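Read the structure below first, then the notes.
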Amino acid sequence: DGDGDGTMQSFMGSLEHAGEAERTAMLQKLEEMQLKDTLRMFNGLVERCFSECVTGFRSKQLSGPEEKCVGTCANKFLKHSGRVGQRFGELSMLEQQKQQGGG
């Protein structure tokens, strides 16, 4: 997904010049893309924390240490994702300001 930033900018640019029906369709597509991203992130979280933390398969329940590990792993993952999202937002805003400034 290396071209996600350029795609998003062109998407937002075309959103400004779209008619009402097109705008509605584009916003639906945007929501769909955000949902896919959220699911991808959640699947990554589950896969990572499961493989890092779950070692025994004799019980349906997590052991105490496994449960603690999963909690720590999930918190770390979510904090990291939040920081990445915040940083992306900051960079996106700077890019918009540059473009509006005639850059």
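This chain uses plain numbering: 1 for the first residue, then up along the sequence. From a predicted model like this one, the values you see are computed outputs, not experimental measurements. Atoms considered below: every heavy atom in the structure, side chains included; atoms not considered: hydrogens, waters and symmetry mates.
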Minimum heavy-atom separation for Gln61 and Glu66, please, with both atom names.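 Taking every non-hydrogen atom into account, O-OE1, 4.5 Å.
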Spacing of NZ belonging to Lys98 relative to CD belonging to Gln100, to within rounding of 0.5 Å: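 So the gap between those two atoms works out to 13.0 Å.
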Kindly compute the distance separating OG1 (Thr38) from CG (Asn43), expressed to the nearest 0.5 Å.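 Nearest 0.5 Å value for the OG1-CG distance: 11.0 Å.
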So Arg23 and Leu27, side-chain contact (heavy atoms from CB on, under 4.5 Å) or not? Walk me through it. CA-CA 6 Å; Arg23 188 174 292 139; Leu27 288 173; 4.2 Å; yes
Who passes side-chain hydrogen bond (donor to acceptor under 3.5 Å, both in side chains) against Glu90, sequence neighbours left out?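 By the side-chain hydrogen bond (donor to acceptor under 3.5 Å, both in side chains) rule, Glu90 matches Arg87.
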Ser59: partners by side-chain hydrogen bond (donor to acceptor under 3.5 Å, both in side chains), with sequence neighbours left out: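 Testing Ser59 for side-chain hydrogen bond (donor to acceptor under 3.5 Å, both in side chains), a comparison that skips the adjacent residues, returns none.
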Gly64 backbone acceptor or donor facing Glu67 side chain under 3.5 Å: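 Checking the backbone N and O of Gly64 against the side chain of Glu67, no donor-acceptor pair under 3.5 Å is found.
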Take Cys49 and Cys69 through the disulfide bond (SG atoms under 2.5 Å apart) test and state the conclusion after the steps. CA-CA 8 Å; Cys49 294; Cys69 178; over 6 Å; no
Given the rule in the side-chain contact (heavy atoms from CB on, under 4.5 Å) test, do Gln28 and Glu32 qualify, once you have shown the distances and angles that lead to the verdict? CA-CA 6 Å; Gln28 278 183 314; Glu32 187 180 306; over 6 Å; no
What pairs of donor and acceptor atoms, side-chain ones from residues 70-85 against any protein atom, are under 3.5 angstrom apart with sequence neighbours left out?
| residue | atom | partner | partner atom | Å |
| --- | --- | --- | --- | --- |
| Thr72 | OG1 | Lys68 | O | 3.0 |
| Asn75 | ND2 | Gly71 | O | 3.3 |
| Ser81 | OG | Phe77 | O | 3.0 |

Could you check Arg40, Met41, Gln34 and say which one makes a side chain to side chain contact (heavy atoms under 4.5 Å, CB included) with Asp37?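 Going through Arg40, Met41, Gln34 one by one, the side chain to side chain contact (heavy atoms under 4.5 Å, CB included) with Asp37 is satisfied by Arg40 alone.
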Between Phe88 and Leu91, does the side-chain contact (heavy atoms from CB on, under 4.5 Å) criterion hold? Intermediate values first, please. CA-CA 5 Å; Phe88 180 77; Leu91 292 173; 5.7 Å; no
